There are 2 protein chains.
Amino acid sequence: MPRSSREKSVETRTQILDTAYRLFVERGYSATSMRDIGQQTGVTVGAIYNHFSTKEEIWKEVLLTKHPYHDIFPLLQSAEGETVAEVVRSAAQLLIRELHRRTDLFNLLFIEIVEFRAKHATDLFQAILPRLGELQSMFQGKRGRLRSIPAPILMRSFIGLFMSYYITGIFVKEIGVMSNDETSLNQFVDLYLYGILEEDGSLEGEQA
Amino acid sequence: MPRSSREKSVETRTQILDTAYRLFVERGYSATSMRDIGQQTGVTVGAIYNHFSTKEEIWKEVLLTKHPYHDIFPLLQSAEGETVAEVVRSAAQLLIRELHRRTDLFNLLFIEIVEFRAKHATDLFQAILPRLGELQSMFQGKRGRLRSIPAPILMRSFIGLFMSYYITGIFVKEIGVMSNDETSLNQFVDLYLYGILEEDGSLEGEQA
DNA sequence: CCTACCGATCGGTAGG
DNA sequence: CCTACCGATCGGTAGG
């Protein structure tokens, strides 16, 4: 329980950001009104302007503080395994589980691209950049040799693996003619593993 | 020049759809008003409702008629080469060139996911499905053996290749620390090729 | 295809 | 005099 008006203020601000995030990913930016944010937070519209000067300022703060990398980075770092292949499979499992829990994981990015023409992309990337280095240690001391692929390409293509699985999965869902189950995911991951690993037979052995 | 009021009506309808498409991908659905569409088409708001009963009906028609697969499918089919690797590289080149011409190529999909929670996904997929088969012939009679990967996975991961290159590229653009040039694309494509092809040394030979 | 409107709601701000 | 917030309302615009 807040003990001062100062603490109360910080709490209200946090609640506004939580509500705004939820509504933005549910409906998009323009379709979310300041009144919606206020009502669902339990404050008036005027009160919001005590914490943020414009609606876009709320967006900027939501984008930077609720961006998926906040959840994804720790998740990736918790991936375990003795070989590179095992680590990648473990990371893929964790990420897909998170995607099922939060099917709107990438919505902040899509909104930023469409409704803001990615104008805050530089700010966002500056925030992420320092933490990208942490990920490089994921494969340290693991068995299995990587092809000589630059780290940025490795990371971008790994993210892409999930984006494509997720986005194309939305459109084949409930169709039946295409499966979107765990088998599909494994096939995606295998394709990625064959793509990044030196050929030494370890993958085939593991599969058998 | 239209010779009858019937033809004039069809032309107006087409112009409305063209304008709506342009504004939707520029700003998103909610941020685009019926008045915007009317003004930029050169008709009043009331006139639009002569052709479409709701704003969402315009969206549905735009989504189905302007969807990127209309441009992408013919593009992929024009890819040439004597080996699977050459065809894939050719297709990748063509697709990236198209992406540079139309940087908003995927925006319709993003809007459908965020602002409509993908409610028209089934309609869209039904429209695309019959044409997916045409693509399967792309690799017919080409040298280079594919791993046993189901065709849907092949296609989904190929689309994913570009989505990840495109989306992550937006956020690393103009940063300098990460390159987003032709070299990056080739590295993405190589990763994909290693992922789908049986190992027979042909790729290394080609690279050398 | 237009002018002229409707009930409601938009982002943002007034004084207290 | 501060903060956090209120009820009411601003000029304009939303879909219809």
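Treat the numbers as computed from the prediction; the structure is a model and nothing was measured. A note on names: the letters A, B, ... follow the listed sequences, proteins ahead of strands, and every chain is numbered from 1.
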Answer with base, sugar-phosphate or nothing: what part of the nucleic acid does Ser30(B) contact at a heavy-atom distance below 4.0 Å?
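No contact.
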
Please work out if Thr41(B) contacts a base, only the sugar-phosphate, or nothing of the nucleic acid, heavy-atom cut-off 4.0 Å.
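Touches nothing.
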
For [N] and [X] - does any side-chain N or O of the residue sit under 4.0 Å from the phosphate oxygens OP1/OP2?
X: Thr12(A); N: dC5(D); answer: yes
X: His51(A); N: dC5(D); answer: yes
X: Thr44(A); N: dC5(D); answer: no
X: Tyr49(A); N: dT13(C); answer: no

Once you round it to whole Å, what is the distance between [atom2] of [N] and [atom1] of [X]?
X: Lys55(A); N: dC10(C); atom1: NZ; atom2: P; result: 9 Å
X: Gln39(A); N: dC5(D); atom1: CD; atom2: P; result: 16 Å
X: Met34(B); N: dC10(C); atom1: CE; atom2: C1'; result: 18 Å
X: Ile37(B); N: dG15(D); atom1: CD1; atom2: C1'; result: 11 Å
X: Arg13(A); N: dC5(D); atom1: CZ; atom2: P; result: 13 Å
X: Ile48(A); N: dC6(D); atom1: CD1; atom2: C1'; result: 13 Å
X: Asp36(B); N: dC10(C); atom1: CG; atom2: P; result: 17 Å
X: Asn50(A); N: dG16(C); atom1: CG; atom2: C1'; result: 14 Å

Trp59(B) side chain near Glu115(B) side chain, heavy-atom distance below 4.5 Å
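No; the side chains remain at least 4.5 Å from each other.
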
Tell me whether Thr19(B) contacts the main-chain N or O of Gln15(B) through its side chain, where contact means a donor paired with an acceptor under 3.5 Å.
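At least one qualifying donor-acceptor pair exists.
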
So if I apply the side-chain contact (heavy atoms from CB on, under 4.5 Å) rule between Val25(A) and each of Val62(A), Thr103(A), Leu108(A), Thr32(A), which one comes out positive?
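Result for side-chain contact (heavy atoms from CB on, under 4.5 Å) with Val25(A): Leu108(A).
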
Which residue, Glu56(B) or Gly42(A), contacts DNA chain D at a nucleotide closer to its 5' end, judged by nearest heavy atom?
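The residue mapped nearer the 5' terminus is Gly42(A).
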
Distance check, P atoms only: dG12(C) and dA8(D), in whole angstrom units.
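So the two P atoms sit 22 Å from each other.
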
Quantified in whole Å, what is the P atom distance between nucleotide dG16(D) and nucleotide dA4(C)?
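After rounding to an integer number of Å, I get 22 Å for this pair.
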
Would you verify whether the NZ or CZ of Arg131(A) falls within 45 degrees of the ring axis of Tyr69(A) while also being under 6.0 Å from that six-membered ring's centre?
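Pair Arg131(A)/Tyr69(A) does not count as cation-pi.
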
Check whether more than 12 heavy atoms from other residues, nucleotides or ligands sit under 6.0 Å from atom NZ of Lys60(B), and answer yes or no.
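Open: at most 12 neighbouring heavy atoms sit under 6.0 Å from NZ of Lys60(B).
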
Decide yes or no, distance alone: a donor-acceptor N/O pair under 3.5 angstrom between the base of dG12(D) and the side-chain of Arg35(B).
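It does not, because no donor-acceptor pair links the side chain of Arg35(B) to the base of dG12(D) below 3.5 Å.
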
